[in-house]
Number of protein chains: 2
Amino acid sequence: MEDGTSKALGYCTGTYDDQVIQWDTRADCDVRRILDRIADKWSLLVIALLDRQTMRFSELRRAIDGVSQRMLTVTLRHLERDGLISRTVYPVVPPRVDYALTPLGISLHQVIKSLVTWTEDHQGEIARAHDEYDRRAEQEEHQQAVLGASV
Amino acid sequence: MEDGTSKALGYCTGTYDDQVIQWDTRADCDVRRILDRIADKWSLLVIALLDRQTMRFSELRRAIDGVSQRMLTVTLRHLERDGLISRTVYPVVPPRVDYALTPLGISLHQVIKSLVTWTEDHQGEIARAHDEYDRRAEQEEHQQAVLGASV
DNA sequence: CAGTATCCCTTTTGATACTG
DNA sequence: CAGTATCAAAAGGGATACTG
């Protein structure tokens, strides 16, 4: 993930025979990184919690139930490296480190919200799709059993 | 990932002491699922390729360089279960299976595009953040070495 | 063609212990 | 307090072989 564009370069180069594909080709290049970032287990929560407020490491840790110290550190480092959050160390004893969204982070947060809104608006549809799919799958499994018995 | 809301239920319940947090609390519930879906290694490419066109299994496989047969199947099943794509089997020999975006899938695709646009607009900033971070990290490493030598 | 079933390896994540 | 280091567990993903 750090070595950039490993294999799969094929679809990073612009056009197909019959149509111009504007952005899916970049999916593996830049989009993939920030997508991997916001989609990983804890980043989204961190970004959401830092909306309009600064938080200390321990505050984040308490707020995000279930995160390990290690993963919170890793997550924060990644977000910082991407320029989405800032990390401020106060040279006091005991140490104090504050995290906050950067302007870039705030801007991303706005975009993410539209995705969250979409999900909220469509969670019912998705749930229904799951039910239907599972119901069909179970039915087909049943068919199999019947056919198997007749042989 | 199939067992729904495992542990970490703490932040799925609405409000904090000092402020109402509207949506980050749901991040682990519904948003997480569709985020995990669109962020996994191949889903985004599939959704992008199916924009405005139907494709067969083998066409998708050829179009997505590097995907294994297994992972393409798994990806398509997940997307189908979420109601984002439809799967049409033609009872012919040899078999033919067509995949297409559902209205729900099309609607999600629209939203994803805004995320992609954001990424394209800000990839320069992110790259600069990386450089700066790495430069600082290297510098601090150097500091360490100097301090170590003096002891 | 369009899958399914297995095996195996790599990456990610979590638990635990230790430190400036 | 805010980490780092180490190790073990688990998930993700690929190669291969087989099937309706």
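Computed from heavy atoms alone, side chains included, the values below leave out hydrogens, waters and symmetry copies.
Distances shorter than 4.0 Å separate none of the side-chain N or O atoms of Trp42(A) from OP1 or OP2 on dT12(C).
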Please output the side-chain donor-acceptor pairs of residues 89-104 of chain B that fall under 3.5 Å, not counting sequence neighbours, one pair per line with the distance.
{"residue": "Arg96(B)", "atom": "NE", "partner": "Asp98(B)", "partner atom": "OD1", "Å": "3.3"}
{"residue": "Tyr99(B)", "atom": "OH", "partner": "Arg77(B)", "partner atom": "NH1", "Å": "3.4"}
{"residue": "Tyr99(B)", "atom": "OH", "partner": "Arg87(B)", "partner atom": "NE", "Å": "3.2"}
{"residue": "Thr102(B)", "atom": "OG1", "partner": "Gly83(B)", "partner atom": "O", "Å": "2.6"}
{"residue": "Thr102(B)", "atom": "OG1", "partner": "Leu84(B)", "partner atom": "O", "Å": "3.1"}
{"residue": "Thr102(B)", "atom": "OG1", "partner": "Leu104(B)", "partner atom": "N", "Å": "3.4"}
{"residue": "Thr102(B)", "atom": "OG1", "partner": "Gly105(B)", "partner atom": "N", "Å": "3.1"}

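With the nearest nucleotide of DNA chain D identified for both Arg61(B) and Pro95(A), Pro95(A) has the one nearer the 5' end.
As a whole-Å value, the separation of Lys41(B) NZ from dA11(D) P is 18 Å. Glu140(B) has its CD atom 17 Å from the P atom of dG20(C), to the nearest Å. Between Leu72(A) atom CG and dG14(C) atom P there is a gap of 11 Å when expressed in whole angstrom units. Residue Arg56(A) contributes atom CZ, which lies 7 Å from atom C1' of dC1(D) at whole-angstrom precision. Protein atom CG of Asp40(A) is 17 Å distant from nucleotide atom P of dA11(D), rounded to whole Å. For the pair Asp98(A) CG and dA2(D) C1', the computed distance is 12 Å after rounding to whole Å.
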Would you tabulate the pairs of protein nitrogen or oxygen atoms and nucleotide nitrogen or oxygen atoms of nucleotides 3-10 of chain D closer than 3.5 angstrom?
{"residue": "dG3(D)", "atom": "OP1", "partner": "Arg77(A)", "partner atom": "NH2", "Å": "3.0"}
{"residue": "dG3(D)", "atom": "OP1", "partner": "Arg87(A)", "partner atom": "NE", "Å": "3.4"}
{"residue": "dG3(D)", "atom": "OP1", "partner": "Arg87(A)", "partner atom": "NH2", "Å": "2.6"}
{"residue": "dG3(D)", "atom": "OP2", "partner": "Tyr99(A)", "partner atom": "OH", "Å": "2.6"}
{"residue": "dG3(D)", "atom": "N7", "partner": "Gln69(A)", "partner atom": "OE1", "Å": "3.1"}
{"residue": "dG3(D)", "atom": "N7", "partner": "Gln69(A)", "partner atom": "NE2", "Å": "2.2"}
{"residue": "dG3(D)", "atom": "O6", "partner": "Gln69(A)", "partner atom": "OE1", "Å": "3.2"}

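In DNA chain C, runs of at least 3 stacked Watson-Crick or G-U pairs (N1-N3 plus N6-O4 or O6-N4, or N1-O2 plus O6-N3, all under 3.5 Å) give these stems: C:1-20 with D:1-20.
By the side-chain hydrogen bond (donor to acceptor under 3.5 Å, both in side chains) test, Ser58(B) pairs with no residue at all, sequence neighbours left out. With sequence neighbours excluded, no residue satisfies side chain to side chain contact (heavy atoms under 4.5 Å, CB included) with Ala129(A). Qualifying salt bridge (charged side-chain N to carboxylate O under 4.0 Å, His left out) partners for Glu132(A), counting only residues two or more places apart in sequence or in other chains: Arg136(A).
Nearest to the side-chain atoms of Ser68(A) among the listed nucleotides dG14(C), dC1(D), dG14(D) stands dG14(C).
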